[in-house]
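What you see below is based on every heavy atom in this structure, not just the backbone, and it leaves out hydrogens, waters and symmetry mates. Quick note on labels: first sequence line is chain A, next is B, and so on, each numbered from 1.
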Protein chains: 2
Amino acid sequence: MAFTYEYPRPALTVDAVVFAFDDQDLKVLLIQRALAPFLGKWALPGGFVHMEEALEKAVRRELQEEAGLSNVFLEQLYTFGEPNRDPRGRTVSVAYYALVKLADHRLAAATDARDAAWFGLTDLPPLAFDHERIVEAARRRLQGKVRYQPIGFELLPKKFTLSQLQHLYETVLERPLDKRNFRKKILAMGLLIDTREIQQDVSHRAARLFAFDQKKYQALEKKGFNFEI
Amino acid sequence: MAFTYEYPRPALTVDAVVFAFDDQDLKVLLIQRALAPFLGKWALPGGFVHMEEALEKAVRRELQEEAGLSNVFLEQLYTFGEPNRDPRGRTVSVAYYALVKLADHRLAAATDARDAAWFGLTDLPPLAFDHERIVEAARRRLQGKVRYQPIGFELLPKKFTLSQLQHLYETVLERPLDKRNFRKKILAMGLLIDTREIQQDVSHRAARLFAFDQKKYQALEKKGFNFEI
DNA sequence: TCAAAAGTGTTAACCATACACCCATGC
DNA sequence: GCATGGGTGTATGGTTAACACTTTTGA
């Protein structure tokens, strides 16, 4: 079977930078390539877009197929189209970034490519294609966006402590935050629900667990409220 | 001549939302289509990406060909890839937005398509394809970005008055700004050069003309300075 | 009892906002 | 001399930033 066109067409792919947070570092999901080119090298999950398939749907399919991930926060990042970014020929890639709760996605055995693994964002192996550039663009986007939209919660479990939240922001923003000021500010927004539960199995004073109030945020947002850390 | 591939490929286009400012309104550049589909309808400038041609280069080529524009501020906006956005078949479009100084680009006769015209952003005709969506995305991007990056100057002549600048911001942000506070803030940044010239041919007190100090901005930016209105 | 992290208020500096009149120019 | 926009300062309230000790818990 073959497909013929009057003019040449670039190939079209999608790639995803999937971030997670393990209470220490930001992690990025990589797949070890099973095919040439770059056989054996680590690369971002992604692949060719099917005809009749929306771009975001293609990303979700690839994440499911390659890493068993579903239902993740996903946002378009940038489209990379330099003529020589793929040695197989002209290929344009629409890149997305995703945020996942690590606990929900411990890279189960249910994975097609068992060669999927989390790497520390600051400690990535050399990547295939121009994927280092894509990761860097995603890092900058996340850093810029986390301050003005409540997307940080996508990286934490449903119930989290204020220290976890603060540590997440410190990691993403790459600077320390003052504990009292941070708590004052985030609690003043009124977007956290006190679950009345506390941490279990910690060898020190257990912290309260909070949950992000998505509904309240959406209501406030409509009225012109702007989230900001 | 024909081009054959093992798997089907979407067509790849670029489109541009070109903004200009005429001291009254934001304008958008549109091209009247000379071909089916949507023959005779207004559409964004754009077209097919050549093999071996970077995406941004394709946009610049189309702007030159269709409207005689060159050397404009250009930034990637978003990639639109819904399966049915083009009746000719699956077409993915990488959209850009551009900012031009109206005085420099009075749509000269040097234009291939003489069917290019400026329309008020708030008063656009019905557009071909999903171009209304693309314009709306560009409007939101401009509104969000103008406050944190000094891109507004791309829409003004090299020398401008503070009132022109304020009016531009009021138009883009769709809200009034306080004159004294605006001047205080913008002058405090130290990024405007007083050209020591004044307006000519106005029937009231002539205002001073300022110029944006691009070099100083780039130096400050490296040191962590953040532009903000 | 020690180690580890949780939790809690106040002050001073800075920044954003609100606000009204005189000035220069051309007609 | 009048119409038009240019140009200017201050006071107030709110926001941010700096800062250190006590509490709880498990080992």
Side-chain angles (χ1 to χ4, degrees), chain A residues 21-25 146-148 156-157 159-171 173-212 220 224-229, chain B residues 21-25 146-148 156-157 159-171 173-212 220 224-229:
Chain A
F21 182 64
D22 73 351
D23 281 6
Q24 286 291 122
D25 301 296
V146 80
R147 296 191 51 213
Y148 304 106
L156 291 177
K159 296 172 185 177
F160 50 84
T161 69
L162 292 181
S163 291
Q164 282 180 298
L165 184 62
Q166 181 181 342
H167 194 176
L168 166 62
Y169 273 95
E170 290 178 328
T171 304
L173 298 177
E174 301 179 276
R175 62 187 164 89
L177 300 171
D178 179 89
K179 182 160 66 156
R180 280 177 287 192
N181 292 335
F182 180 80
R183 285 165 183 243
K184 219 182 310 170
K185 192 161 183 175
I186 198 98
L187 290 174
M189 283 192 263
L191 290 172
L192 296 190
I193 299 164
D194 182 346
T195 65
R196 317 277 305 169
E197 294 171 57
I198 58 169
Q199 271 182 316
Q200 301 298 321
D201 303 317
V202 286
S203 71
H204 52 76
R205 177 173 177 179
R208 308 175 88 114
L209 293 170
F210 291 86
F212 178 64
L220 283 175
F225 168 83
N226 283 310
F227 181 90
E228 183 175 347
I229 291 289
Chain B
F21 183 64
D22 72 350
D23 282 7
Q24 285 291 123
D25 301 296
V146 81
R147 295 190 52 215
Y148 303 106
L156 290 178
K159 297 172 185 180
F160 50 85
T161 70
L162 292 181
S163 291
Q164 282 180 298
L165 185 62
Q166 180 181 346
H167 194 179
L168 166 61
Y169 274 94
E170 290 178 328
T171 305
L173 299 176
E174 300 178 275
R175 63 186 163 86
L177 299 171
D178 180 87
K179 181 160 65 157
R180 278 178 287 191
N181 293 336
F182 179 81
R183 286 166 183 243
K184 216 184 311 173
K185 194 161 183 175
I186 198 98
L187 290 174
M189 283 192 264
L191 290 172
L192 296 190
I193 298 164
D194 182 346
T195 66
R196 318 276 308 171
E197 294 173 56
I198 57 170
Q199 273 182 316
Q200 301 299 322
D201 303 315
V202 287
S203 72
H204 52 76
R205 177 173 175 180
R208 308 173 88 112
L209 294 169
F210 292 86
F212 177 64
L220 284 175
F225 168 84
N226 282 310
F227 181 91
E228 183 176 346
I229 290 291

Please tell me if the side chains of [X] and [Y] come closer than 4.5 Å, counting only heavy atoms from C-beta onward.
X: B:V146; Y: B:L168; result: no
X: A:L187; Y: A:F210; result: yes
X: B:M189; Y: B:F225; result: yes

Looking only at non-hydrogen atoms, find the nearest pair between B:Q199 and B:A206 and report the distance.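 It is O-CB, 3.4 Å.
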B:F182 and B:I229: which non-hydrogen atoms are nearest, and at how many Å?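 Shortest heavy-atom separation between B:F182 and B:I229 comes out as CE1-CD1, 4.3 Å.
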Nearest-Å distance, [atom1] ([X]) to [atom2] ([N])?
X: B:I186; N: C:dC15; atom1: CD1; atom2: C1'; value: 16 Å
X: B:L187; N: D:dG9; atom1: CG; atom2: C1'; value: 14 Å
X: A:E197; N: C:dA6; atom1: CD; atom2: C1'; value: 17 Å
X: B:F182; N: D:dG7; atom1: CZ; atom2: P; value: 13 Å
X: A:N226; N: D:dT15; atom1: CG; atom2: C1'; value: 16 Å
X: B:Q24; N: D:dG5; atom1: CD; atom2: C1'; value: 14 Å
X: B:F160; N: D:dG5; atom1: CZ; atom2: P; value: 20 Å
X: A:R208; N: C:dG7; atom1: CZ; atom2: C1'; value: 10 Å

Would A:H167 and A:D23 count as a side-chain contact (heavy atoms from CB on, under 4.5 Å) if you check the C-alpha gap in whole Å, the side-chain angles of each, and the deciding distance to 0.1 Å? CA-CA 7 Å; A:H167 194 176; A:D23 281 6; 5.6 Å; no
Do nucleotides 17-27 of chain C as a string where each nucleotide becomes B, S or -: B if the base has a protein heavy atom under 4.0 Å, S if just the sugar-phosphate does, - if no protein is that close. BBBB--BBBS-
Short side-chain N/O contact from A:S163 to OP1 or OP2 of C:dA5, under 4.0 Å: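 False: A:S163 side-chain N/O out of range (4.0 Å or more) of C:dA5 OP1/OP2.
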Classify the nucleic acid contact of B:R183 as base, sugar-phosphate or nothing, counting any heavy atom under 4.0 Å across all strands shown.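 Counting heavy atoms under 4.0 Å across all strands, the contact made by B:R183 includes a base.
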